[in-house]
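One structure is given below, encoded as structure tokens.
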Amino acid sequence: MNDIGAQARDVDVVVVGAGQAGLSSAYHLRRTGFEPERDFVVLDHAPHPGGAWQFRWPSLTYEKVHGMHALPGMELTDVDPARPSSEVIAEYFDAYERTFDLRVRRPVDVRAVREGDGGRLLVETSDGVWSTRALINATGTWDRPFWPRYPGQETFRGRQLHTAQYPGPGEFAGQRVIVVGGGASGTQHLLEIAPYAAATTWVTRRPPVFREGPFSEDVGREAVALVEERVRKGLPPRSVVSVTGLPLNDAVRQGIDDGVLDRQPMFDRITPDGVAWDDGRHIEADVILWATGFRAAIDHLAPLRLREPGGGIRVEGTRAVADPRVHLVGYGPSASTIGANRAGRAAVRDIRRLLAGAPATA
């Protein structure tokens, strides 16, 4: 046994992350007989309960949250829809952790997961090393905001920020703002900022697709199936929203009518005072807000060499095909809140079979 392994604390399962997917997994571990701190441990790098929600901007109230689904075993009730979602969900997650005695350790940074001795995995963290028989990775995407690169980006004299840093609309009063990105965050930012800003411009790589009518179960299943197909092939997952399109609600309709959601094609370069297209057009700006999404936060898994040539981790159900000890929940098709709940249950079921020496199931 190497020196690191000799100092490690032994458990059967390590859960990395305490957002929706991690808490769902911990709940199902607890419910099926695993004891926290003895049989499993939950490690979370955030300072407080609430997952990524605790970092969301104050103007994202609970009524604006799309499809927040309750965690298993405990409903989220009596919520004031006008309260910030960061407060509502942080309080709910905190109560959930205490109700089910999940004993989340935080703040703990997971730095690397490596091969250990005797078929075990070593999880190296800021709080020491854990030796485990199985790993549930529930790290989400919030810590890996995606910043596209365009010529001239470093010359821009104004401010550039990402959705992950969005402070709310008031900070853009009197400024000319370019919002880049065709997802839900981009449209929300535009609708909020427009009443404050001197001018707004919406820029996307592809024309936005708006979805009319309700989001039915059939539509949801089709979208999840398309995302799942990518991770089965070992490609980086796309968001479910990128497949389903943007909901065409009253606020969005009004934004289209007002000209706020008048989409422009992607610019070709960034100038010191704005953005420009090769056809000669130029728009001046004080701020470029990149609502360009996030990527899976899985760099700590790099020592296990799970990535496929396509750049993603090939997954069957929640199990990494290259290593059945590793399960990814909240990854790809299970990135939605209801998907994370189901993935947590599925991962625990598969891990129980693994620990019992039975073959895993997809």
Side-chain angles (χ1 to χ4, degrees), residues 56-57 59-60 64-67 141 145-153 156 158-215 219 223 226-227 236-271 273-295:
R56 302 293 170 93
W57 49 98
S59 57
L60 183 64
K64 295 179 183 176
V65 171
H66 295 297
T141 62
F146 175 61
W147 292 76
R149 292 288 172 251
Y150 281 86
Q153 196 161 3
F156 184 62
R159 181 184 182 194
Q160 296 187 61
L161 69 161
H162 190 277
T163 288
Q165 303 157 314
Y166 178 67
E171 195 164 314
F172 303 97
Q175 296 184 314
R176 299 161 298 179
V177 183
I178 294 174
V179 177
V180 184
S185 294
T187 56
Q188 285 179 1
H189 294 337
L190 281 157
L191 294 174
E192 284 192 355
I193 291 169
Y196 295 84
T200 60
T201 303
W202 185 25
V203 178
T204 71
R205 280 196 305 133
R206 291 182 293 270
V209 176
F210 293 102
R211 186 189 74 244
E212 299 240 30
F215 187 78
V219 172
L226 288 171
V227 178
R238 290 174 61 191
S239 69
V240 173
V241 171
S242 71
V243 177
T244 61
L246 295 162
L248 193 57
N249 55 32
D250 290 343
V252 169
R253 290 180 197 276
Q254 190 64 54
I256 293 172
D257 292 343
D258 294 343
V260 174
L261 297 181
D262 178 19
R263 175 262 177 182
Q264 303 297 313
M266 197 64 208
F267 48 76
D268 296 296
R269 61 190 176 280
I270 299 173
T271 67
D273 59 353
V275 299
W277 288 259
D278 287 343
D279 62 8
R281 284 189 304 148
H282 180 267
I283 291 179
E284 294 185 350
D286 304 298
V287 179
I288 301 174
L289 174 54
W290 299 92
T292 44
F294 300 79
R295 299 292 183 262

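Here the structure is a predicted model, which means the values were calculated and not measured.
Using a 4.5 Å cut-off on side-chain heavy atoms (C-beta onward), P265 and R263 make contact. Residues Q165 and R159 fail the side-chain proximity criterion, which asks for heavy atoms closer than 4.5 Å. Here the side chains of F267 and I283 are not in contact, with every heavy-atom distance at 4.5 Å or above. For the pair Q188 and W57, the minimum side-chain heavy-atom distance is below 4.5 Å. Counting heavy atoms from C-beta outward, I193 and L289 have side chains that approach closer than 4.5 Å. Put simply, the side chain of L246 reaches to within 4.5 Å of the side chain of T187, judged on heavy atoms. Residues I288 and Q153 fail the side-chain proximity criterion, which asks for heavy atoms closer than 4.5 Å. Within the 4.5 Å cutoff, the side chain of P145 has no heavy atoms near those of the W290 side chain.
Under the 3.5 Å distance criterion, the side-chain polar atoms of N249 are matched with a main-chain donor or acceptor of A251.
Expressed to the nearest 0.5 Å, how far OH of Y150 lies from CZ of F156 amounts to 15.0 Å. With rounding to the nearest 0.5 angstrom, the NE2 atom of H189 is 8.0 Å from the CG atom of L161. A distance of 9.0 Å separates CZ in R149 from CD1 in I270, rounded to the nearest 0.5 Å. Here the CH2 atom belonging to W202 is positioned 9.0 Å from the CG atom belonging to D262, to the nearest 0.5 angstrom. Atom OG1 of residue T201 and atom CD of residue Q264 lie 7.0 Å apart, to the nearest 0.5 angstrom.
Listed by chain and residue number, W142, H162 satisfy the ring-ring contact (aromatic ring centres under 6.0 Å, His included) test with F294 (two or more places apart in sequence, or in another chain). By the salt bridge (charged side-chain N to carboxylate O under 4.0 Å, His left out) test, D250 pairs with no residue at all, sequence neighbours left out. Residues satisfying the salt bridge (charged side-chain N to carboxylate O under 4.0 Å, His left out) test with R281, not counting sequence neighbours, are D279. D278 is linked by a salt bridge (charged side-chain N to carboxylate O under 4.0 Å, His left out) to R269, counting only residues two or more places apart in sequence or in another chain.
Pairs of residues two or more places apart, or lying in two chains, that qualify as salt bridge (Lys or Arg N to Asp or Glu O under 4.0 Å) and include a residue from residues 180-202 are K64-E192.
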Indicate every side-chain donor-acceptor pair of residues 174-185 with a distance under 3.5 Å to a residue at least two apart or in another chain.
unit_1, atom_1, unit_2, atom_2, d
R176, NE, D286, OD2, 3.1
R176, NH1, E284, OE1, 2.8
R176, NH2, D286, OD1, 3.0

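For the pair A276 and T271, the tightest heavy-atom approach, listed with the atom from each and the gap, is CB-CG2, 4.0 Å. Of all the heavy atoms in T292 and P148, the pair that sits closest is OG1-CD, 3.4 Å.
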